[in-house]
Amino acid sequence: MPELPEVEVTRRGIAPHLEGRRIEAVVVREGRLRWPVPEALARCLPGQAVTAVRRRAKYLQLDTAAGTLWIHLGMSGSLRILTRTAPPGRHDHVDLVCGGVTLRYNDPRRFGAWLWQAAGTPPPLPGGADHGLGLEPFDPAFTGAHFHAATRTRSAPVKQVLLAGDVVVGVGNIYASEALFRAGIHPARAARRIGQARYERLAGAIRDVLAQAIDQGGSTLRDFVDSRGEPGYFQQSHQVYGRTGQPCVRCGTPIRQLRQGQRSTWYCPRCQR
DNA sequence: CACGACTCCTGCTGGC
DNA sequence: TGCCAGCAGGAGTCGT
């Protein structure tokens with residue numbers, strides 16, 4: 001499921017096919033995504049050239065002179081580039097025809113979103129201009145000092161704060177567990193009760209685990225065109241995620257699972273404090 | 001402000 | 001074998 005690495009790998013896969021090309025059509029077969037796909041897309045995008053394909057948090061942004069198309073993959077969304085027309089399959093909800101290729105959006109659970117930001121208007125997200133998103137994990141400003149300062153009032157478990165996305169973005173359920181394991185921090189520890197040095201390690205662990213996943217996704221997603229978009233990083237060895245009862249890779253203690261906010265977390269009770 | 005429960009939806013798994 | 005409950009995932013929204 002798309003966490004930041006899959007979104008970034010998708011961005012790298014589609015950007016070369018779209019940047020500098022002109023959008024010919026937007027075909028919406030099923031507009032009932034998380035929010036209705038705006039009719040403005042079919043009205044405003046045709047004729048526009050894609051000037052850049054960017055990413056902010058887990059949103060993809062396709063820039064044009066008229067505005068920016070924001071795409072979120074939700075939990076089951078995927079994008080692929082078709083070089084020749086193929087009949088749409090089940091859950092193929094939206095096509096963007098551009099420069100002779102088709103960007104096709106598939107999303108079985110329809111938790112994703114296609115949103116429109118007209119030039120000069122705020123992002124189409126709640127909260128407007130900054131919409132409460134935290135720092136990018138690869139932003140140089142994302143340091144242990146920042147992490148520490150941003151969590152002084154946070155009594156919630158650190159795992160929950162990671163997922164909330166208002167301190168740092170892009171860390172989903174899988175990589176929250178993985179990063180906390182690498183940093184030796186217990187997922188249930190109150191965020192405000194973690195010191196700056198340990199946040200330094202956590203920030204590094206987040207960058208490492210995401211970068212590794214991007215690399216692995218990139219290596220198997222090279223054939224993005226006409227591929228099924230299978231994310232390669234799923235095959236990476238998770239050290240704790242989904243490993244209930246199996247030995248910790250570091251100390252051999254059985255990995256434990258707990259529920260936090262209706263979500264599973266995995267951790268080593270000995271290595272993580 | 002901060003927190004946590006709830007919600008959207010479909011497909012897969014596991015237990016009986 | 002078939003049925004169905006439960007779970008998975010991201011993140012906005014709402015009540016406290």
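Bear in mind the structure is a predicted one, so any value in this text is a computation, not a measurement. Numbered from 1 within each chain, the chains take letters A, B, ... in sequence-line order.
Residue A:R29 qualifies as enclosed at atom CZ: its count of foreign heavy atoms under 6.0 Å is above 12.
We find that CZ of A:R263 is positioned 7 Å from C1' of C:dG10, with the value rounded to whole Å. In this structure, the CZ atom of A:R109 is 18 Å from the C1' atom of C:dG12, given to the nearest Å. Atom CH2 of A:W35 and atom P of C:dT13 are 6 Å apart (whole Å). A straight line from CG of A:L133 to C1' of C:dG10 spans 12 Å, rounded to a whole angstrom. Protein atom CG of A:L4 is 10 Å distant from nucleotide atom P of C:dA11, rounded to whole Å. Atom P of nucleotide C:dG10 and atom CD of A:Q160 are separated by 13 Å, given to the nearest angstrom. Rounded to whole Å, atom C1' of C:dA8 lies 16 Å from atom CG of A:L73. Taking atom CD on A:Q262 and atom P on C:dG10, their separation rounds to 15 Å, with Å as the unit.
A:K58 has no carboxylate O lying under 4.0 Å from a charged side-chain N of A:E6, or vice versa, which leaves the two without a salt bridge. Under the 4.0 Å criterion applied to side-chain N and carboxylate O atoms, A:R182 and A:E178 are assigned as salt-bridge partners. A salt bridge between A:D63 and A:R54 is present, with a side-chain N of the basic residue lying under 4.0 Å from a carboxylate O of the acidic one. Between A:E24 and A:R22 there is no salt bridge, since no side-chain nitrogen of the basic residue lies less than 4.0 Å from a carboxylate oxygen of the acidic one.
Using a 4.0 Å heavy-atom cutoff across all strands shown, A:R32 reaches no nucleic acid atom at all. A:R259 comes within contact range of the sugar-phosphate backbone alone, with a heavy-atom separation under 4.0 Å but no base atom that close. Backbone-only contact: A:R110 has heavy atoms under 4.0 Å from sugar-phosphate atoms and none from a base.
Side-chain contact, A:T265 with A:R259: no donor N or O sits under 3.5 Å from an acceptor N or O.
The only option from A:R201, A:R189, A:R154 that meets the side chain to side chain contact (heavy atoms under 4.5 Å, CB included) definition with A:I194 turns out to be A:R189.
Base pairing in DNA chain B gives the following stems of 3 or more Watson-Crick or G-U pairs, range against range and under 3.5 Å: B:2-16 with C:2-16.
In this structure, the ring of A:F181 has its center no less than 6.0 angstrom from the ring center of A:Y267.
For the pair A:H72 and C:dA11, the criterion of a side-chain N or O lying under 4.0 Å from OP1 or OP2 is met. A close approach under 4.0 Å does occur between a side-chain nitrogen or oxygen of A:Y59 and OP1 or OP2 of C:dG12.
Between A:F111 and C:dA11, no base-stacking contact is recorded for ring centres under 5.5 Å apart and planes less than 30° from parallel.
Heavy-atom contacts of chain A under 4.0 Å fall on DNA chain B between two terminal nucleotides, which in 5' to 3' order are B:dA2 to B:dG11.
A pairwise comparison of heavy atoms in A:G112 and A:L33 identifies O-CB, 3.3 Å as the closest pair. The minimum heavy-atom distance linking A:I23 with A:L96 is given by the pair CG2-CD1, 4.0 Å.
Comparing A:R90 and A:R154, the nucleotide of DNA chain B nearest to each residue sits closer to the 5' end for A:R154. Comparing A:P108 and A:V161, the nucleotide of DNA chain B nearest to each residue sits closer to the 5' end for A:V161.
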